[in-house]
Amino acid sequence: MIRPVLRMGDPRLLEKAAPVTRFDTPELRALLVDMRDTMAHLDGAGLAAPQIGVDLRVVIFGGGANPRYPDAPDIPDTVLINPQLTPLSSEEEDGWEGCLSVPGMRGIVPRYHRLHYKGFDQHGQVIDRLVSGFHARVVQHECDHLDGILYPM
């Protein structure tokens, strides 16, 4: 089901999300379906659960080029729960970002170029990846939502 996306100004977007404690539940499966439907409907590169009003540390991202990101490289479709991000160097790069919670705007945001992230998939299996470039940018952007941060901040 396509869910409404909270917009900048909604105080729920400024809260730190709660960790997921149970995996592969009917509620988590339903949340992920709604997140995928919503992200696809809006041509997003990713979506965080807090953006649809769910206070959980869950993000999804992936895909490739779409109307909002016509030059985007392919990123594997990923469910990332309770993520931990570690920069692999202090090197940052500036890049344009948009956000489904800040419609109609884009801004230049510095992000770490190389990143190690860990977390869990919807079944509780460990995800552990080293990434760079656009993939690293998308992960950082979505995980910021879990800590109540929007890119204009």
Side-chain angles (χ1 to χ4, degrees), residues 2-3 5-8 10 12-20 23 28 31-52 54-153:
I2 297 168
R3 304 263 297 263
V5 174
L6 302 181
R7 308 292 182 168
M8 187 168 70
D10 190 308
R12 293 173 288 177
L13 289 171
L14 302 177
E15 296 174 4
K16 186 169 181 161
V20 171
F23 296 90
L28 183 58
L31 171 63
L32 293 171
V33 167
D34 289 355
M35 289 177 71
R36 285 185 185 106
D37 290 350
T38 303
M39 185 179 90
H41 176 73
L42 297 171
D43 293 321
L47 187 70
Q51 290 181 274
I52 59 169
V54 177
D55 179 34
L56 288 174
R57 297 186 75 75
V58 177
V59 299
I60 64 168
F61 53 87
N66 68 41
R68 289 187 71 236
Y69 296 96
D71 299 319
D74 287 340
I75 296 173
D77 287 325
T78 303
V79 171
L80 185 61
I81 299 172
N82 299 339
Q84 298 173 345
L85 280 56
T86 306
L88 295 176
S89 76
S90 60
E91 178 189 359
E92 292 183 338
E93 63 183 8
D94 291 338
W96 286 100
E97 291 186 19
C99 180
L100 298 176
S101 291
V102 188
M105 288 180 54
R106 293 214 180 243
I108 298 284
V109 180
R111 297 283 187 190
Y112 292 108
H113 178 67
R114 295 179 56 240
L115 185 70
H116 172 229
Y117 68 84
K118 284 182 72 170
F120 302 93
D121 69 10
Q122 65 268 29
H123 305 291
Q125 300 299 307
V126 172
I127 294 174
D128 189 336
R129 294 182 182 155
L130 302 175
V131 298
S132 61
F134 187 69
H135 189 152
R137 175 170 297 281
V138 170
V139 173
Q140 291 170 84
H141 176 105
E142 296 310 328
C143 289
D144 274 356
H145 284 293
L146 305 179
D147 293 322
I149 299 168
L150 297 171
Y151 83 85
M153 300 163 74

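Since the structure is predicted, the reported quantities are computational estimates derived from the model, not experimental observations.
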Please walk me through it: do Phe120 and Val126 pass side-chain contact (heavy atoms from CB on, under 4.5 Å)?
CA-CA 5 Å; Phe120 302 93; Val126 172; 3.9 Å; yes
So, for Met39 and Ala45, which heavy atoms are closest and what is the spacing to 0.1 Å?
SD-C, 3.8 Å
Restricting to non-hydrogen atoms, name the atom on Cys143 and the atom on Leu85 that form the minimum distance, rounded to 0.1 Å.
SG-CD1, 3.6 Å
Holding to ring pair (Phe, Tyr, Trp, His ring centres under 6.0 Å), I want the full list of residues that pass it with [X], two or more places apart in sequence or in another chain.
{"X": "Tyr112", "result": "none"}
{"X": "His113", "result": "none"}
{"X": "Tyr151", "result": "none"}

Within this structure, what is the [atom1]-[atom2] distance for the pair [X] and [Y], rounded to the nearest 0.5 Å?
{"X": "Thr38", "Y": "Arg3", "atom1": "OG1", "atom2": "CZ", "result": "7.0 Å"}
{"X": "Leu115", "Y": "Leu130", "atom1": "CG", "atom2": "CG", "result": "9.0 Å"}
{"X": "Leu13", "Y": "Ile149", "atom1": "CG", "atom2": "CD1", "result": "12.0 Å"}

Any salt bridge (charged side-chain N to carboxylate O under 4.0 Å, His left out) involving [range]? Give me the pairs, sequence neighbours left out, ordered by first then second residue.
{"range": "residues 35-49", "result": "none"}
{"range": "residues 72-87", "result": "none"}
{"range": "residues 86-104", "result": "Glu97-Arg111, Glu97-Arg137"}

Test side chain to side chain donor-acceptor pair (under 3.5 Å) applied to [X] - qualifying residues, sequence neighbours left out:
{"X": "Asp147", "answer": "Arg57"}
{"X": "His116", "answer": "Asp128"}
{"X": "Tyr117", "answer": "Arg129, His135"}
{"X": "Arg12", "answer": "Asp10"}

Please examine the side chains of Ile75 and Val131, heavy atoms only from C-beta on, and report whether any two atoms are closer than 4.5 Å.
no
Do Leu146 and Pro83 have side chains that get closer than 4.5 Å, going by heavy atoms?
yes
Verdict with reasoning, Ile81 to Leu28, per side-chain contact (heavy atoms from CB on, under 4.5 Å)
CA-CA 10 Å; Ile81 299 172; Leu28 183 58; 3.9 Å; yes
So, the side chain of Gln125 versus the backbone of Asp121: is there a donor-acceptor pair under 3.5 Å, distance only?
no
Tell me, please, which residues at least two apart from Met35 pass side chain to side chain contact (heavy atoms under 4.5 Å, CB included).
Leu31, Leu32, Leu47, Ala49, Ile52, Val58, Ile60
Side-chain atoms of residues 98-108: list all donor-acceptor pairs with protein atoms under 3.5 Å, sequence neighbours left out, distances to 0.1 Å.
| from | atom 1 | to | atom 2 | distance (Å) |
| --- | --- | --- | --- | --- |
| Ser101 | OG | Leu6 | O | 2.8 |
| Ser101 | OG | Gln51 | NE2 | 3.1 |
| Arg106 | NH2 | Arg68 | O | 2.8 |

